[in-house]
Amino acid sequence: TLNLTINNSTSTSTSITACDSYTWSANGTTYTASGTYTHTGVTSAGCSAVETLVLTINNSTSTSTSITACDSYTWSANATTYTSSGTYTSTSTNSSGCTETATLVLTINNSNTSSASVTACDSYLWNGTTYTTSGAYTYATTNASGCDSTATLNLTINYNSATSTSITACDSYTW
């Protein structure tokens, strides 16, 4: 009497998509490139077990942008408005479903304003313009950082007074 047990070899195939790398439990190997990988092992019955891994590796992405702005900057990557210089990061998911890291290197230059109050007689020359009436005047230009620079002049004009008097006198007149 022959009691025969035939155990068959096994063959399995698995398709995996991963970001950046994948460690296959069948052999403990970490893969960083897409491809088809095969591992041959032994089943508990002592037969060969062929495992196939069809691996797709998608990569994470990163970008870095340097921006110089006046006063503030709203970054489209995260819709945040920044008012000070610095390095900022935003993490999201790219079109492959992996991590996308965006870095913003931001330089904020500031606009400046100034104000002066001046009292003058008859006229006052300011930034190439002669003013003869009192009022608030504004001069806008660009500062050394390329941002707005606004100066305000609060001007008071006092006028010289002159009078003329016609006098008719006999012999002498004391003024």
Side-chain angles (χ1 to χ4, degrees), residues 1-117 126-129 136-154:
T1 300
L2 173 65
N3 289 326
L4 179 64
T5 303
I6 302 281
N7 292 318
N8 294 321
S9 296
T10 61
S11 178
T12 59
S13 180
T14 306
S15 293
I16 298 288
T17 299
C19 291
D20 302 320
S21 67
Y22 178 76
T23 301
W24 192 15
S25 62
N27 62 6
T29 302
T30 299
Y31 298 97
T32 59
S34 297
T36 301
Y37 302 97
T38 304
H39 172 72
T40 302
V42 178
T43 66
S44 60
C47 298
S48 65
V50 178
E51 295 181 63
T52 302
L53 172 65
V54 178
L55 180 62
T56 302
I57 294 290
N58 293 324
N59 292 307
S60 297
T61 54
S62 64
T63 58
S64 181
T65 305
S66 295
I67 297 288
T68 299
C70 293
D71 302 319
S72 68
Y73 179 75
T74 301
W75 192 19
S76 61
N78 60 7
T80 300
T81 299
Y82 298 99
T83 57
S84 60
S85 298
T87 300
Y88 304 97
T89 46
S90 174
T91 304
S92 60
T93 301
N94 66 19
S95 60
S96 299
C98 298
T99 301
E100 179 176 1
T101 303
T103 301
L104 172 66
V105 179
L106 181 62
T107 302
I108 294 291
N109 294 322
N110 292 308
S111 298
N112 60 311
T113 60
S114 62
S115 179
S117 295
W126 185 56
N127 292 316
T129 303
Y137 301 97
T138 303
Y139 180 76
T141 189
T142 303
N143 65 21
S145 299
C147 298
D148 292 338
S149 176
T150 305
T152 301
L153 172 66
N154 296 306

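Model, not experiment: these values are computed from the prediction.
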Just so I know, are the side chains of Thr113 and Thr152 near enough to count as touching, which here means a heavy-atom distance under 4.5 Å? no
With a 4.5 Å cut-off on side-chain heavy atoms, are Thr150 and Ser111 touching? no
Side chains of Ser84 and Ile108 in contact at under 4.5 Å (non-hydrogen atoms): no
Using 30° and 60° as the class boundaries, would you call the ring planes of Trp75 and Tyr82 parallel, tilted or perpendicular? tilted
Can you check whether Val105 reaches Ser64 side chain to side chain, under 4.5 Å on heavy atoms? yes
CG-OG distance between Asn110 and Ser85, expressed to the nearest 0.5 angstrom: 8.0 Å
Side-chain heavy-atom pair Leu104, Tyr73 within 4.5 angstrom cut-off: yes
Between the OH atom in Tyr37 and the OH atom in Tyr31, the distance rounded to the nearest 0.5 Å is 6.5 Å
Examine distances only and state if a side-chain atom of Thr38 and a backbone atom of Thr52 form a donor-acceptor pair shorter than 3.5 Å. no
Any donor-acceptor pair under 3.5 Å from Asn78 side chain to Thr89 backbone: no
Of all the heavy-atom pairs spanning Thr81 and Ser72, show the shortest one and how long it is. CG2-CB, 4.0 Å
With a 4.5 Å heavy-atom cut-off, do Tyr88 and Leu106 have their side chains touching? yes
Evaluate the side-chain proximity of Asn59 to Asp20: yes if any heavy-atom separation is below 4.5 Å, no if none is. yes
Given Glu100, which partner from the list Ser90, Ser62, Ser92 fulfils the side-chain contact (heavy atoms from CB on, under 4.5 Å) test? Ser92
Please determine which of Thr91, Thr99, Thr93 meets the side-chain contact (heavy atoms from CB on, under 4.5 Å) test together with Ser60. Thr99
Identify the heavy atoms of His39 and Ala26 that sit nearest to each other, and give their distance. NE2-O, 3.3 Å
Starting at CG of Asn143, measure out to OG of Ser114 and round the result to the nearest 0.5 Å. 11.0 Å
